[in-house]
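This report refers to the structure that appears directly beneath it.
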There are 2 protein chains.
Amino acid sequence: MEIIRALEFVDGKLKFIDQTKLPLKEEFVVTDNYERIAEAIEKLEIRGAPAIGIAAAYALTLAIRNNNTPAIFYNAYDRIFRTRPTAVNLFYALSEMKNIFELNKNSNEVYELLLVHANKIHQSDENMCNAMAKNGLEIFKKKSRVLTHCNTGALATGGNGTALNVIRYAFEKGMVDFVYADETRPLLQGSRLTAWELNKYGIPFSINTDSTAAVLMKQGKVDLVITGSDRIAVNGDAANKIGTYNLAVLCCYHKIPFYVAAPTTTIDKNSPNGDSINIELRNKKELTNFGTLQITCDDYDVYNPAFDVTPNHLIHGIITEKALHKPPYDFRNV
Amino acid sequence: MEIIRALEFVDGKLKFIDQTKLPLKEEFVVTDNYERIAEAIEKLEIRGAPAIGIAAAYALTLAIRNNNTPAIFYNAYDRIFRTRPTAVNLFYALSEMKNIFELNKNSNEVYELLLVHANKIHQSDENMCNAMAKNGLEIFKKKSRVLTHCNTGALATGGNGTALNVIRYAFEKGMVDFVYADETRPLLQGSRLTAWELNKYGIPFSINTDSTAAVLMKQGKVDLVITGSDRIAVNGDAANKIGTYNLAVLCCYHKIPFYVAAPTTTIDKNSPNGDSINIELRNKKELTNFGTLQITCDDYDVYNPAFDVTPNHLIHGIITEKALHKPPYDFRNV
């Protein structure tokens, strides 16, 4: 099965695939400019909570490559901190990198030390992806038809993905029959990115509008739903791409199990529940325009949250690299 | 309040606004060519179940204007019959026009007689819109925040609309505070057409992706939901734009009343329940492309039903020109 890598650190530069161009163009960006990486995160050229954390770690490393003063480091830190507010992996990565910098700021090897740690975050994410896939296998009770939302594959992580990797691995093991990919408005990560990955992996799939998921469930075509998460509260409430809560409600109504797959780096120990998760509101142009094409008038009001929060009682299980966690969830010590 | 007319028959020609261009361009088409009207229905330049019925009646009339042979009439009848399979108003209009033609095919005045009947269907639809608005007022128990899906306004009918006219009228009466318009994938009738109408009427509104409706409900921002219908079975099961069933399930979960507004011409006496309603599957390009812009690969599979069916038990009330019908529904004699 084809291996996809969203991010690679090669010869002192970060190489990443520009996800806004997929699937029509497979275009790579190679840069040692941290500002370019910050921009890539903001514009969703790099996206997915784990991938954002890894890219942020490499960006901070590159920021001080030629000049490792605290002023430069903290300036870059602040810049990257402000890129996207919801994915907690970003803040964990930044905070770890800051600790390394502060402990070693007088060392000549601070760049190398930061790079070692960025690589470690990356490698650790790759390992977590593999472990999640294995832990997720037991949710497939038979050869299943699975529905998923947004993109949670290799493109979203440093390895093979979270929820989509659970699906990919189960497919390899003969436990996935078909995948329904929600197109995932407004940015269409499902019809663009998940479809691109599924096609590369040779997994049978079709694309549907987000609201068609309800009909597929009513028709008995969906055995289970798996999504990723951008931030999980200590009680198991999970923030994820807008539309996830909708799916969880549909699953509840149709008695279909709803699962979340995410590494434990997605758990926010400072969020006792979903109410304390900061939800990013994104630009109205994501609804009024598509690319260069205008859909509707710019001056109409738009409500465009990037994420929603699914309450723990709608989640049948949360798959991390450590286990398949069952409710009631308590992530204080995970 | 501004008056909008989707269709007008003027000087022997049908004048209609090209809804695929709205809201960015207000472009009218004037034609006496029935084939052009059939095309307009297929391409959704003219859309909305009642408007389709009216346009079909005018198209059949125009077809035999210069040459009223049965061969020409039935050829046009078949052509228009095949435009769209779900809106029952289309088939009622065609069947009525066929009766008039068959009773009068030897008369010199068959064109005039068909035109009188097409005008009658149009006028009757306008009257039904007004009556529905009045019958719908009682669902507003307080100044309400209303969510709606697709476009069910003047653009969809021969008058002021179905569900959106209930909202418009209630707004005039001081009973509507705010409208949330689902963008309505894939063809974005909400963010384009409903937004355009609401803006013309001066009703405060915002646009959201379809799956954001769930979050708005969770946040307690939605007091009630009203949609239209393209075909209602005798038992009250209602086919409507894809995404309507999703909303009805969300309303059930969040304990929000869900209403349907449609004229009795939408009732299909031949459909005992929703299972017998023929659901149109539309072209995959509606998901893989937006206008001239390609979103994702053409060769990916797409499941793109135009409509879904909401079972009667999820519908709090069905507003027709005759009454606000409450469950259990029995439309055999309505």
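Reminder, nothing fancy here: chain letters follow the sequence lines and each chain counts from 1.
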Between chain B and each of A/Gly243, A/Pro23, A/Ser206, count heavy-atom pairs under 4.5 Å; write down the option with the most.
A/Pro23
Using only non-hydrogen atoms and a strict under-4.5 angstrom cutoff, which residues of residues 234-241 of chain B touch chain A?
none
Nearest non-hydrogen partners of B/Thr296 and A/Arg192, listed with the distance
OG1-CA, 3.8 Å
Is there a side-chain contact (heavy atoms from CB on, under 4.5 Å) between B/Ile295 and A/Ser191 once you walk through the steps?
CA-CA 8 Å; B/Ile295 294 171; A/Ser191 61; 4.1 Å; yes
With chain B as the partner chain, list the residues of residues 194-204 of chain A whose heavy atoms fall under 4.5 Å from it, by residue number, and write 'none' if nothing qualifies.
A/Ala195, A/Trp196, A/Asn199
Tell me whether the centres of the aromatic rings in A/Phe205 and B/Tyr300 are closer together than 6.0 Å.
yes
Top contributor to chain B contacts, counting heavy-atom pairs under 4.5 Å, from A/Leu287, A/Thr184, A/Leu188:
A/Leu287
With only heavy atoms counted, which part of B/Ile279 is less than 4.5 Å from chain A, the side chain, the backbone, both or neither?
neither
Rounded to the nearest 0.5 Å, the CZ atom of B/Arg185 sits from the CG atom of A/Asp182 at a distance of 12.0 Å
Against chain A, residues from residues 207-225 of chain B with at least one heavy atom under 4.5 Å, in numeric order, are B/Ile207, B/Asn208, B/Thr209, B/Asp210, B/Ser211, B/Thr212, B/Ala214, B/Val215, B/Leu216, B/Lys218, B/Gln219, B/Lys221
Select one option (side chain, backbone, both, neither) describing which atoms of A/Thr292 are under 4.5 Å from chain B's heavy atoms.
both
A/Glu183 versus chain B, the contacting section by heavy-atom distance below 4.5 Å
side chain
Against chain B, label A/Leu187 side chain, backbone, both or neither, depending on which of its atoms sit under 4.5 Å from a heavy atom there.
neither
Can you check whether anything in residues 245-254 of chain A gets within less than 4.5 Å of chain B, heavy-atom wise, and list it by number?
A/Tyr245, A/Asn246, A/Val249, A/Leu250, A/Cys252, A/Tyr253, A/His254
Atom group of A/Ile242 that falls short of 4.5 Å from chain B, counting heavy atoms
both
